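Structure record follows, encoded as structure tokens.
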Amino acid sequence: PYLLTFQYLSRSESPHALPTLIAGLAAESPSIRAAATEALILRRQTNAHLEMIRRVDLHSPGILEVLKRNLTIFSY
């Protein structure tokens, strides 16, 4: 059920979407961290991508794979 929430947040115009997704990067659950990462990538916002980079030390190997698959999104 939370995957639908992350999909919604990836497109949401709410000012609370970005802080919620950023908080998801620090979640205990690896699947929630991965879903937050995917949603932040889909937002295509520079500040969202910078927050992922700032927190790269929190990323599990699975999240690093998600980032590697989506490197072209980060080339502005």
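Computed from a prediction, not measured in an experiment: that's the story for all the values here.
- For the atom pair CD1 of I32 and CG of L3, the computed distance is 9.0 Å after rounding to the nearest 0.5 Å.
- For A23, there are no side chain to side chain contact (heavy atoms under 4.5 Å, CB included) partners two or more places apart in sequence or in a different chain.
- Judged by distance alone, the side chain of R11 and the main-chain N or O of Q7 form a donor-acceptor pair under 3.5 Å.
- Considering only residues two or more places apart in sequence or on other chains, Y2 meets the side-chain hydrogen bond (donor to acceptor under 3.5 Å, both in side chains) condition with S31.
- L9 is not listed as a side-chain neighbour of L40, based on a closest heavy-atom distance of 4.5 Å or more.
- For R33 (side chain) and A26 (main-chain N/O), no donor-acceptor pair under 3.5 Å exists by modelled atom type.
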Solution key, residues 12-22 side-chain donor-acceptor pairs under 3.5 Å, sequence neighbours excluded:
unit_1: S12; atom_1: OG; unit_2: S14; atom_2: N; d: 3.0
unit_1: S14; atom_1: OG; unit_2: H16; atom_2: N; d: 3.1
unit_1: T20; atom_1: OG1; unit_2: H16; atom_2: O; d: 2.7

